[in-house]
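Encoded as structure tokens, the structure appears first; notes follow it.
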Amino acid sequence: MISKKMEKAINTQMQREIYSASLYLAMSSYCSGLDLNGFANWYRIQAMEEMTHAMKFYDYIIEQSGKAIVPAVEQPPQEFDSPQATFEGALEHEKKVTAWINELVDIAIAEKDHATNIFLQWYVTEQVEEEAHANEILQKVKRIGTQGPGLFMIDQQLAQRVFTPPAAPAE
Ligand code: FEO
């Protein structure tokens, strides 16, 4: 069992992960509109990953006999200034998610909820990767530039990304 306070906080984060999926899908759609199919692929897979993050929270609430609240989906922005701007936005968004995950850990510690604290450590580690990936691509886009062959090269690299579902937890 988890406390009502913890349950509410995890439900809020589940909602934010679903919003993250929507945001990245909107970025994917924007990149498709520019014929940057590799960028679009990268964001589409990112959106799928965000749904796995949300479902992990969903499953945890249920497992702890709580009530998972399925949220209304807030509409993300549909237009962006440039492909570079999408990665600037993605990095900023991931920094916010990291701060929210850290807040959840703070609540778990304050509530002496060791099980939730352990559960949340997966997200703590994941956020290091999330920020690093967004930053790595942003730096590449900045360095190579957003015109011509450079952009095409990055687009080809981003086309290689495939969706890998997170490993199931050990029983
Ligand atoms: Fe679910 Fe990108 O953090």
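As the structure lists them, so they are numbered: ligands from 1, and atoms in each ligand from 1. Below, all heavy atoms of this structure are taken into account, side chains as well, without hydrogens, waters or symmetry copies.
- Taking 4.0 Å as the cut-off between side-chain N and carboxylate O, E126 and K56 do not count as a salt-bridged pair.
- In summary, E94 places an N/O/S atom under 2.8 Å from atom 2 (Fe) of ligand 1, meeting the contact criterion.
- The nearest N, O or S atom of E130 is closer to atom 2 (Fe) of ligand 1 than 2.8 Å.
- Of all N, O or S atoms in E17, the one lying closest to atom 1 (Fe) of ligand 1 is OE1.
- If you check the side chains of T86 and Y30, you find no donor sitting under 3.5 Å from an acceptor.
- Atom 1 (Fe) of ligand 1 is closest to atom ND1 of H53 (considering only N, O or S atoms).
- Between Y43 and F87, the ring center distance clears the sub-6.0 Å criterion.
- Note: H53 and W122 have perpendicular aromatic rings, judged against thresholds of 30 and 60 degrees for the angle between ring planes.
- With 2.8 Å as the limit, E50 counts as an N, O or S neighbour of atom 2 (Fe) of ligand 1.
- Of the possible polar contacts, one joining the N41 side chain to the R161 backbone as a donor-acceptor pair under 3.5 Å is found.
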